[in-house]
Number of protein chains: 4
Amino acid sequence: MPQHSHDTQIDESQPQPLTKDPSCRRRSQRCHQAILSATIELLEEKGYSGVSVEAIAARAGVGKQTIYRWWTCKAGVIMEAYADYAAKSVPMPETGSVKEDLRQILHQLSTILTTTSTGAALAGLIAEAQANPEMADVFREKFVASRRAMTRTILERGIERGELRPDFNMDVAIDVTYGPVWYRLLIKHAPLDETFVEELVTMLMVWMQVQ
Amino acid sequence: MPQHSHDTQIDESQPQPLTKDPSCRRRSQRCHQAILSATIELLEEKGYSGVSVEAIAARAGVGKQTIYRWWTCKAGVIMEAYADYAAKSVPMPETGSVKEDLRQILHQLSTILTTTSTGAALAGLIAEAQANPEMADVFREKFVASRRAMTRTILERGIERGELRPDFNMDVAIDVTYGPVWYRLLIKHAPLDETFVEELVTMLMVWMQVQ
Amino acid sequence: MPQHSHDTQIDESQPQPLTKDPSCRRRSQRCHQAILSATIELLEEKGYSGVSVEAIAARAGVGKQTIYRWWTCKAGVIMEAYADYAAKSVPMPETGSVKEDLRQILHQLSTILTTTSTGAALAGLIAEAQANPEMADVFREKFVASRRAMTRTILERGIERGELRPDFNMDVAIDVTYGPVWYRLLIKHAPLDETFVEELVTMLMVWMQVQ
Amino acid sequence: MPQHSHDTQIDESQPQPLTKDPSCRRRSQRCHQAILSATIELLEEKGYSGVSVEAIAARAGVGKQTIYRWWTCKAGVIMEAYADYAAKSVPMPETGSVKEDLRQILHQLSTILTTTSTGAALAGLIAEAQANPEMADVFREKFVASRRAMTRTILERGIERGELRPDFNMDVAIDVTYGPVWYRLLIKHAPLDETFVEELVTMLMVWMQVQ
DNA sequence: AACTAACCGAGACGGTACGTCTCGTCTTCGC
DNA sequence: GCGAAGACGAGACGTACCGTCTCGGTTAGTT
């Protein structure tokens, strides 16, 4: 992960509606980090709805205003707290095989969603986004777009290599890749496990492969 | 009141954890209906987060206690208000073709989710369910289970008829059927339209058909 | 107490704003008595503010409507429940001495107020009456007027006998007789005991006696 | 703000169980005063029972929590709102005559109780105190104790000067001084007027004077 | 080295909604 | 047909957070 070292730069270099003051002349790294850590702790302990700005501030030993100075709302803080897991730690796989690439991506995604509090966080964020279009935009950009773009690249490369047929609908293919994962995450009717990922990838390949 | 026995049967025949007193000896049909109607009106006007128990009570001309007497929380009311759309109005298609059956089901689902306030309601409910496991159970039972069961039946019939191969994972197939729909509903990165349904059904058939 | 035997008749023969239907065509003696008993029990257990119409009904094994059928409010029930203690059980003393008559009256009053729940009841009723002029009227008539009238008679007899001088203000004398007792009952800054009654009677006699 | 320091001294110099946080690091004088004013307005308009915390907050243009931040209950607010009338405005009279001193005290008290809403307020507070021992303590301390102490001083000076005999019961004397006043205030069977005060003082002097 | 802007913690503020409570009235159903 | 049981409209209760706003007391980056 070569890009991992300049995290901070990535998080704050791009203007985001749910955070403030991108110029960010002076901000205490200590309290910035304390806020994000407190957020993750609270989310793990009490779930998404158990997180309140007041609780974050108290846990982080920070004034509420310090939070509102840099973020517009609770969701903004949570998004930033989970930005690492969900957005940056997605290495573009380069196995030469579409199936293996997809397998790696979905495996990594489902692992993060099930073994950390990221699943609860993102489910809550999706929930919030239903009531807040601006938040929905940021969520898509931050947590959805990069994975979709990466997957698109993988599929396009597969087509170029002749591994995949060129006439399937790319957007639908990506929806079929991620939709079932989010579905299991949110509805919780069945586990989001290795078997599931394997079946899903197999199914995708059947459809997209040259027949 | 000839419709009295009819209503009672529908509303109260199935025990619901988010409602109270299933024995339900006496309750005013007038205010029961007024509450559900007010809930739908408010959800259409202001979205899920704009609905509050206080607003429902005011709109329905009802005391707050009357709502809390029969439901444990806002989500319970909304679930019951949308139970008709989501659960009852699912006719089992009988076209003799799996593809056509699926097309009908997904068409009807996507139409309801996009042309009524049901989409917003269910998105909000899924959100709510993330923080409330009991609610999640009821949601699955009320809004997810019946459609999954129906789809399972359709696919099993397809296998019996030899239309589908018998060796695909049934649960994953159903996830792949509904996952992308919920995904587009919640993430809103692309429209949940006729073309999407068509592509999705085609993809599913390619995978499941005898090759 | 010769008049004690026709209690019921006394309570209901005179129209009272806080009770209903003075004609009293049909009323269950059983539940009437159960309500009054439950009221006294509750007042003894939880104090005036712990009494609610709902609690009385539950304790008496009676519907709320049965209470509201005969009384207009909680205070009406409590007044009737304590009517015996406070109004009827005041035997006119006939000792031939004003001082002894007053001593008996005040002794009996202070005993009732301190050894039964009557004190708490009347304190609460006075409180209620502050916010409800109609209740104040009934309270005065039921709990104050008869004692004042009796005391007036005693003092007038004392004047006739030449025991008391005839030129003191009768109303003020009665206020000075009862005011300090209520004052100690309500403010609770000092005990409402035998010594107090003795001092008070002595003081009154000094003032009113022929000097 | 020249009156700033003045207010603070008066409002917060004495610890009060029905108010919170006596240290009181920062509080808005504006809203503190607005709350007390709104309380008095409402009490004058609607009487004691017509005052609710919600109404006070609305009238004062203040959040409910701002009231609950500083007081534990409605009665605490009302007590503080009337503390001025009842506690501060009691000048120790120094006429050299016990009778004149008592006359002044009782005149001032009866005037306040009958010409302002203070009578209604205190009657309501006494009522409230019947159900709440802690409130009763504060009430005694705030509205009763100072007048009793002052009266005691007056009577003791009278004894020293030889104006009064030294062998009457001081506590009973004070009860006889104030009891009849509260009695007329609460029972309202007769006016709390100048004539009454005059008769009462006369009576007291007859009893206490050297004979 | 002093100045000065800003950030910092703390938490009060006006609000909104929560879920509970009790009032006094109205309705149903069983005895 | 009476009466227990309790649903109903109303509205206050006291709590939890929201997002904004002061308040002094540090910092940190000029000057």
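All values below were derived from every heavy atom in this structure, side-chain atoms included, with hydrogens, water molecules and symmetry-related copies excluded. Chain A is the first sequence line, chain B the second, and so forth, proteins listed ahead of strands; every chain is numbered from 1.
- Residues D/Ile56 and D/Ala38 approach most closely at O-CB, 3.9 Å, considering heavy atoms.
- Heavy atoms of B/Cys73 sit nowhere under 4.0 angstrom from any nucleic acid atom.
- Note on residues 51-63 of chain C: pairs passing side-chain hydrogen bond (donor to acceptor under 3.5 Å, both in side chains), not counting sequence neighbours, are C/Glu41-C/Arg59, C/Glu45-C/Arg59, C/Glu54-C/Lys64.
- Rounding to the nearest 0.5 Å gives a distance of 11.0 Å between CD of B/Glu44 and OG1 of B/Thr39.
- Both A/Gly63 and C/Lys74 lie near DNA chain E, and the one whose nearest nucleotide falls closer to the 5' end is A/Gly63.
- In this model, a side-chain donor or acceptor of C/Lys64 finds a partner on the base of E/dG24 within 3.5 Å.
- Within the structure, every side-chain polar atom (N or O) of B/Ser28 is placed at least 4.0 Å from both OP1 and OP2 of F/dA7.
- With no hydrogens or angles considered, a side-chain donor-acceptor pair links C/Ser117 and C/Tyr82 at under 3.5 Å.
- Atom P of nucleotide E/dA17 and atom CD1 of B/Ile67 are separated by 13 Å, given to the nearest angstrom.
- Listed in residue order, the members of residues 46-60 of chain D having a heavy atom less than 4.0 Å from DNA chain F are D/Ser52, D/Val53, D/Glu54.
- No donor-acceptor pair closer than 3.5 Å links the side chain of C/Lys142 to the backbone N or O of C/Ala83.
- OP1 or OP2 of E/dG19 lies within a sub-4.0 Å distance of a side-chain N or O belonging to B/Tyr68.
- Summarising the geometry, the separation between CD on B/Gln29 and C1' on E/dT27 is reported as 14 Å, rounded to the nearest angstrom.
- Between B/Arg69 and E/dG19, a side-chain N or O to OP1/OP2 separation shorter than 4.0 Å is absent.
- Note that NE2 of D/His32 and CH2 of D/Trp71 are 4.0 Å apart. Values are rounded to the nearest 0.5 Å.
- Going from atom CD of D/Glu128 over to atom P of F/dA12 covers 16 Å, rounded to whole Å.
- Contact check, C/Trp70 against E/dG24: no side-chain N or O comes under 4.0 Å of OP1 or OP2.
- For D/Gln65 against E/dC13, a side-chain-to-base donor-acceptor contact under 3.5 Å is absent.
- You'll find that the side chain of A/Thr66 is closest to E/dG9, out of E/dG9, E/dT20, F/dA4.
- Residue D/Trp71 places none of its side-chain N or O atoms closer than 4.0 Å to OP1 or OP2 of F/dG14.
- No donor-acceptor distance shorter than 3.5 angstrom exists from the side chain of C/Glu128 to the backbone of C/Gly124, with no hydrogens or angles considered.
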